[in-house]
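Below: one structure, written as structure tokens.
In this text the structure is predicted, and so the values were computed from the model without any measurement. Heavy atoms only: backbone and side chains are in, while hydrogens, waters and symmetry mates are out. First listed ligand is number 1; within each ligand, the first listed atom is number 1.
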Amino acid sequence: MVRQPDTGLKPGPTERLERWLHSALPSPPDRFRIGPWRGGAFTSPMRSTRLTAQLGIALGVAFSTCFLTGLISHFIQHPGWWTYWPSRPVGLYRVTQGVHVATGLATIPLLGAKLWSVYPRLFTWPPARDRAHAIERASIAVLVSAALFQLVTGLLDVALWYGPMPFFFTSAHYWTAWLVIGAIVTHVGVKLPRIRAALSHQGAEPPTPTSAGGLTRRGLLIAAGAAVAAVTVATIGQTVRPVSRLSVLAPRRPDIGPQGLPVNKSALSAGVTDRARDPAYQLEVVGPARSVQLTLADLAQLPQHTVSLPITCVEGWSAAATWTGVRLRDLVALVGVDPGRSQVHAESMQAGGMFRASTVATPHVREPLTLIALRLNGEILHIDHGYPCRLIAPSRPGVLQTKWLARLRVEEV
Ligand SMILES: Nc1nc2c(c(=O)[nH]1)N[C@H]1C(S)=C(S)[C@@H](COP(=O)(O)O)O[C@H]1N2
Ligand SMILES: [Mo]
């Protein structure tokens, strides 16, 4: 900060703010300086600014990747007028969401190591030198708590354990993500000079003394990396089928469930069992000019197509399967609408519930792989997989693959 020569004039607003921020705050009496607040309470020679900066870079990469893939998932589910998400490659969403959950899980050991490397600073004495220091510490408190909130809520979601979350998971997770990313940008901005110095050659530190129990800083970094690898291997099998047996920590295995596929919501818990089994079932296709009612026999009369497409649950599991049924675009054409200029609201028999309906945007309506499926892996659709018929489209979150269809509302766009 450049000090202005004393001109005898009244200080300007910036200068007054600077003074206010940097005037010393009273230090608490020294008799409160006990336990972890004592000078020299933390002696591990393994902590260093360099280690903290290196862990910070790994965390920054993991968090940003997680943030971007999370935004993709959010905007597919809550599209704005500008949102465009293609239907190909068919596995695109499977990859982005797999990366989202994997990087989120990888941040757990990384954040653990990083917090370990800096937590002695929690007991800095005096707790706040001046107001600027107090604000900086408060911003770190926001960063740490928001990051922990994301990890905990993400984990609870992967575990399908919504009980401890008295709020709507997706909104809370989405808005807190912005808080975390904003706090990270601020934090990196504030610490940039220290990060630079710690990572430059001048910042290189002497090797850790061997008195540290044999573990060196490099060893600690390798251990953090190994923990990331272990967490990844123990969970990635929920979406990468060949390693599904290694997925000891993943709550789902992609190959367990009726017809070889997991079930997220059963017909019973959705309250649709009777309607789904009703022999008088008809699928209603409502267009702007005309509507049709199709029985299961009518649907079976239409040209049938077989496709191999994954279900990719936002919770992190995904599984490929073979589906047979009628092309959505054929049904749209049946009510006299051009599939290339339409979107479809797919409504289930469910009376309520978050995922009772979904919207299919134009790229997915036009797409020949998008089916109203009647069969799964060669058998008539299991009631828990959406019997009498369900939507299945490429590169789309599982929550939008609506089961137990009652009505398709076709709209021209
Ligand atoms: N009507 C309806 N369809 C639904 C759901 C639902 O709750 N109701 N859950 C969705 C979710 S979250 C997923 S991941 C997929 C899972 O399909 P599956 O149970 O056949 O594997 O179905 C989707 N379709
Ligand atoms: Mo899901």
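Distances from atom 8 (N) of ligand 1 to the heavy atoms of Gln350, Lys265, Glu315 put Gln350 nearest.
A salt bridge between Glu136 and Arg131 is absent, with no side-chain N of the basic residue lying under 4.0 Å from a carboxylate O of the acidic one.
Every atom of ligand 1 is numbered from 1 in the order shown, and the set under 4.0 Å from a heavy atom of Ile311 is 16 (C), 17 (O). Of all atoms in ligand 1, listed by their number and element, those nearer than 4.0 Å to a heavy atom of Thr402 are 1 (N), 3 (N), 24 (N). For ligand 1 and Ser348, the ligand atoms under 4.0 Å from any heavy atom of the residue are 1 (N). The ligand atoms of ligand 1 that sit less than 4.0 angstrom from a heavy atom of Cys313 are 14 (S). Near Val263, with a cut-off below 4.0 Å to any heavy atom, the atoms of ligand 1 are 19 (O). Ligand-side atoms of ligand 1 in range of Trp404: 1 (N), 2 (C), 8 (N), range being under 4.0 angstrom from any heavy atom.
Contacts between Pro262 and ligand 1 below 4.0 angstrom, taking non-hydrogen atoms only, involve the backbone exclusively.
Nearest protein neighbour of atom 24 (N) of ligand 1, counting heavy atoms only, is Gln401 O, 3.0 Å. Remark: minimum distance from atom 17 (O) of ligand 1 to any protein heavy atom is reached at Arg390 NH2, 3.3 Å. Counting only heavy atoms of the protein, atom 5 (C) of ligand 1 lies nearest to Phe355 CB, 4.0 Å. The protein heavy atom nearest to atom 10 (C) of ligand 1 is Gly398 O, 3.5 Å. When hydrogens are left out, the protein atom nearest atom 19 (O) of ligand 1 is Lys403 NZ, 2.6 Å; that is the closest non-hydrogen contact.
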Applying side-chain contact (heavy atoms from CB on, under 4.5 Å), run through Val158 and Val101 and close with a yes or a no. CA-CA 8 Å; Val158 169; Val101 175; 4.1 Å; yes
Show the numbers, then the answer: is there a side-chain contact (heavy atoms from CB on, under 4.5 Å) between Trp317 and Thr312?
-> CA-CA 6 Å; Trp317 62 269; Thr312 304; over 6 Å; no
Set out, in order, the CA-CA distance, both residues' side-chain angles and the distance that settles side-chain contact (heavy atoms from CB on, under 4.5 Å) for Thr324 and Val307, then state yes or no.
CA-CA 6 Å; Thr324 304; Val307 301; over 6 Å; no
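Considering backbone and side-chain atoms together, Asn264 places an N or O closer than 3.5 Å to an N or O of ligand 1. Not one N or O of Trp317 is nearer than 3.5 Å to an N or O of ligand 1, by distance alone.
You'll find the ring centres of Tyr174 and Phe167 outside the 6.0 Å limit. Taking the six-membered ring where the residue is Trp, the centroids of Phe67 and Trp178 are separated by under 6.0 Å.
Looking at heavy atoms from C-beta onward, Arg88 lies out of side-chain contact with Ser395 at the 4.5 angstrom threshold.
Relative to the six-membered ring of Trp323, Arg375 misses at least one condition, a distance below 6.0 Å or an angle of at most 45° to the axis. At least one cation-pi condition fails for Arg390 and Trp404: the charged atom is not both under 6.0 angstrom from the six-membered ring centre and inside a 45 degree cone around its axis.
More than 12 heavy atoms of other residues, nucleotides or ligands sit less than 6.0 Å from atom CG of Leu155.
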